[in-house]
Colleague: 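I have a structure here, written as structure tokens, and I will follow up with some questions on it.
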Amino acid sequence: REVVATIRPRPKAEAYLRLSMLPGEQAQVDWAHFGKLRHGRAERTLMAFVVVLSWSRRVFVRFFLDARMPSFLRGHVQAFERLGGVPRVLLYDNLRSAVLERRGDLIRFHPTLLALAAHYRFAPRPCAPALASATCPPIWQSRMCSAVSWCACCRAGICARDRCGS
């Protein structure tokens, strides 16, 4: 192991700028895939709608059997109700539900998302596709299983435990 460590090239160090946010300023929105659910002969996809407040790292998770627009909108509304307000900015990491088209820096958001943003008065913002970890850190990923450990799907073994190591 020691010999290989001296021969193997070390990965280049990456510099990160720690962003500081004000309470209620920003949240990150994403879908998480939790595998398939079987009910009799039917098989359905289990998706988690996740909102993470950037300042407090408070996580909101709601499970859906699809990642379609009605579920996406319902997830937002339920998150706003549960969190007690609406962040000024919501970051999206190239979700098909949010971003219809991207050409360089030009983004075309889904008109239904823009209508929701106008109604709730938040600004949707995209993450840079190549630098998603820098502008839209997946902070919920390492805590996902602990955040949803109460969930029946986790107790049933339909979880990302194998991916997050818990």
Side-chain angles (χ1 to χ4, degrees), residues 19-40 42-102 107-129 132-133 135-166:
L19 301 174
S20 60
M21 301 292 156
L22 296 172
E25 184 178 356
Q26 187 182 84
Q28 300 146 23
V29 179
D30 207 352
W31 284 109
H33 185 266
F34 273 77
K36 304 274 186 183
L37 283 178
R38 292 185 59 86
H39 184 35
E43 189 173 84
R44 301 287 302 266
T45 301
L46 183 63
M47 300 294 292
F49 177 82
V50 183
V51 176
V52 180
L53 297 177
S54 299
W55 183 77
S56 66
R57 304 296 195 251
R58 185 172 172 193
V59 179
F60 170 85
V61 180
R62 186 67 73 231
F63 288 91
F64 293 97
L65 295 175
D66 58 42
R68 295 182 184 156
M69 185 55 76
S71 300
F72 189 62
L73 299 176
R74 197 168 338 123
H76 280 81
V77 173
Q78 291 174 353
F80 299 155
E81 290 171 358
R82 181 70 174 166
L83 297 172
V86 180
R88 285 189 205 157
V89 176
L90 293 181
L91 297 176
Y92 298 94
D93 188 17
N94 276 338
L95 301 174
R96 278 185 261 156
S97 309
V99 178
L100 289 181
E101 186 178 11
R102 178 181 218 123
I107 305 295
R108 187 165 65 113
F109 282 108
H110 197 290
T112 309
L113 174 65
L114 293 176
L116 181 78
H119 178 76
Y120 282 98
R121 298 184 180 186
F122 68 85
R125 299 270 163 77
C127 297
S133 64
T135 58
C136 200
I139 56 178
W140 57 270
Q141 286 179 348
S142 62
R143 299 178 191 166
M144 177 59 79
C145 287
S146 61
V148 296
S149 61
W150 51 267
C151 178
C153 70
C154 288
R155 288 194 296 267
I158 306 168
C159 184
R161 288 184 181 143
D162 57 329
R163 288 182 267 160
C164 70
S166 61

Colleague: For the atom pair CD (Q78) and CZ (F64), what is the distance rounded to the nearest 0.5 Å?
Modeller: 5.0 Å
Colleague: Would you indicate whether the side-chain heavy atoms of P124 and L116 approach each other to under 4.5 Å?
Modeller: no
Colleague: Determine the minimum heavy-atom distance between W31 and R68, stating which atoms define it.
Modeller: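 Shortest heavy-atom contact: CZ2-O, 4.4 Å.
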Colleague: Between R88 and E25, is the salt bridge (charged side-chain N to carboxylate O under 4.0 Å, His left out) condition met? List the steps.
Modeller: CA-CA 5 Å; R88 285 189 205 157; E25 184 178 356; 5.7 Å; no
Colleague: Say you draw a straight line from CG of L37 to CE of M47; how long is it, rounded to the nearest 0.5 Å?
Modeller: 12.0 Å
Colleague: Run the side-chain contact (heavy atoms from CB on, under 4.5 Å) test on D66 and T45 for me, step by step, so that the C-alpha distance in whole Å, both residues' side-chain angles and the decisive distance to 0.1 Å come before the verdict.
Modeller: CA-CA 6 Å; D66 58 42; T45 301; over 6 Å; no
Colleague: How close do W55 and L22 get, counting heavy atoms only, and between which atoms?
Modeller: CB-O, 3.8 Å
Colleague: Looking at every heavy atom in both A48 and F63, which two are closest together, and how far apart are they?
Modeller: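 A48 and F63 have their closest heavy atoms at CB-CE2, 3.7 Å.
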Colleague: Under a 4.5 Å cut-off applied to non-hydrogen side-chain atoms, are L113 and S97 in contact?
Modeller: no
Colleague: Do V86 and R121 have side chains that approach each other closer than 4.5 Å (heavy atoms only, starting at C-beta)?
Modeller: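 A side-chain contact is absent here, since even the closest heavy-atom pair is not under 4.5 Å.
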Colleague: Which heavy-atom pair separates P87 from F80 by the least distance, and what is that distance?
Modeller: CD-CE2, 4.1 Å
Colleague: If you define the side chain from C-beta out and look only at heavy atoms, does anything of F109 sit under 4.5 Å from L100?
Modeller: no
Colleague: If you measure from CZ on R62 to CZ on R82, what distance do you get to the nearest 0.5 Å?
Modeller: 7.5 Å
Colleague: Does the pair L83 and R58 meet the rule for a side-chain contact (heavy atoms from CB on, under 4.5 Å), with working shown?
Modeller: CA-CA 9 Å; L83 297 172; R58 185 172 172 193; 3.7 Å; yes
Colleague: Say you draw a straight line from OH of Y120 to NE2 of H76; how long is it, rounded to the nearest 0.5 Å?
Modeller: 10.5 Å
Colleague: For the residue pair F72 and F49, categorise the inter-ring angle as parallel (less than 30°), tilted (30 to 60°) or perpendicular (more than 60°).
Modeller: perpendicular
Colleague: Could you walk me through whether Q28 and D93 pass the side-chain contact (heavy atoms from CB on, under 4.5 Å) check?
Modeller: CA-CA 8 Å; Q28 300 146 23; D93 188 17; over 6 Å; no
Colleague: Any side-chain heavy atom of L65 sitting closer than 4.5 Å to one from L46?
Modeller: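 Sidechains of L46 and L65: in contact.
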Colleague: Looking at every non-hydrogen atom in both residues, tell me the closest pair between L95 and V29 and how far apart they are.
Modeller: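 That would be CD1-O, 3.8 Å.
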